[in-house]
Amino acid sequence: QVQLVESGGGLVQAGGSLRLSCAASGRAFGSTAMGWFRQAPGKEREFVAAISWDNGNTYYADSVKGRFTISRDNAKNTVYLQMNSLKPEDTAVYYCAAGWTTTTQARGYAYWGQGTQVAVSS
């Protein structure tokens, strides 16, 4: 079992930055692939970023590439999502997810956090 708790969401103006954190407990964090997904009102949950557990390879949705950065600190059992140059279309509930393989597909992750709201005003 893995428990995930997100934090760091909030309201920010367009062009601003936020850093989301996801604290994990339970299963050995160092061997867990981590991902961030988001869901806007009326839309399906979509992939944002992922980071592998072994070599730290990162993957991004085209919509956030160059603006968002995913990273992990295995000593702190925490994964981060640094979000820069935020746009109104980034407004969504952001979810942290954990799984055994690094994938862009939500069904590939077995554990999910409760989500944290990000709102970007124009």
Do the side chains of Trp53 and Arg72 get nearer than 4.5 Å, heavy atoms only? yes
Is it possible for you to say whether Ile51 and Leu4 belong to one hydrophobic cluster, with membership spreading through side-chain heavy-atom contacts below 4.5 Å? yes
Applying side-chain contact (heavy atoms from CB on, under 4.5 Å) to Gln114 and Glu6, what does each step give before you reach the verdict? CA-CA 7 Å; Gln114 82 289 350; Glu6 303 100 332; 2.8 Å; yes
Show every donor-acceptor pair shorter than 3.5 Å between a side-chain atom in residues 11-25 and any protein atom, with sequence neighbours excluded, or say none if there are none.
residue	atom	partner	partner atom	Å
Ser17	OG	Asn84	OD1	2.9
Ser25	OG	Gln3	OE1	3.2

For a ring-ring contact (aromatic ring centres under 6.0 Å, His included) check, start with the C-alpha distance between Tyr109 and Phe37, then their side-chain angles and the critical distance, and finish with the verdict. CA-CA 11 Å; Tyr109 293 89; Phe37 289 76; 5.4 Å; yes
So, Gln39 side chain and Glu46 main chain: donor-acceptor pair closer than 3.5 Å or not? no
Any donor-acceptor pair under 3.5 Å from Ser52 side chain to Asn57 backbone: yes
Do Arg45 and Trp112 form a cation-pi contact, if we require the NZ or CZ to be under 6.0 Å from the six-membered ring centre and within 45 degrees of the ring's axis? yes
Measure across Ala49 and Leu81 and return the closest heavy-atom pair with its distance rounded to 0.1 Å. CB-CD1, 4.1 Å
Should the heavy atoms of other residues, nucleotides or ligands under 6.0 Å from NZ of Lys65 be counted, would the total exceed 12? yes
Report yes if some heavy atom in the side chain of Trp36 is under 4.5 Å from a heavy atom in the side chain of Phe47; otherwise report no. no
Distance-only criterion, 3.5 Å: show the donor-acceptor pairs between side-chain atoms of residues 94-106 and protein atoms not counting sequence neighbours.
residue	atom	partner	partner atom	Å
Tyr94	OH	Arg38	NH1	2.9
Tyr94	OH	Asp90	O	2.6
Thr103	OG1	Gln105	N	3.0

Below 4.5 Å, heavy atoms only, C-beta onward: do Thr69 and Tyr60 meet side chain to side chain? yes
Report yes or no: do Ile70 and Tyr80 belong to one cluster of Ile/Leu/Val/Met/Phe/Trp/Tyr joined by side chain heavy-atom distances under 4.5 Å? no
Any side-chain heavy-atom pair of Thr58 and Phe68 under 4.5 Å: no
Please check: side-chain N/O of Thr91 versus main-chain N/O of Ala119, any donor-acceptor pairing under 3.5 Å? no
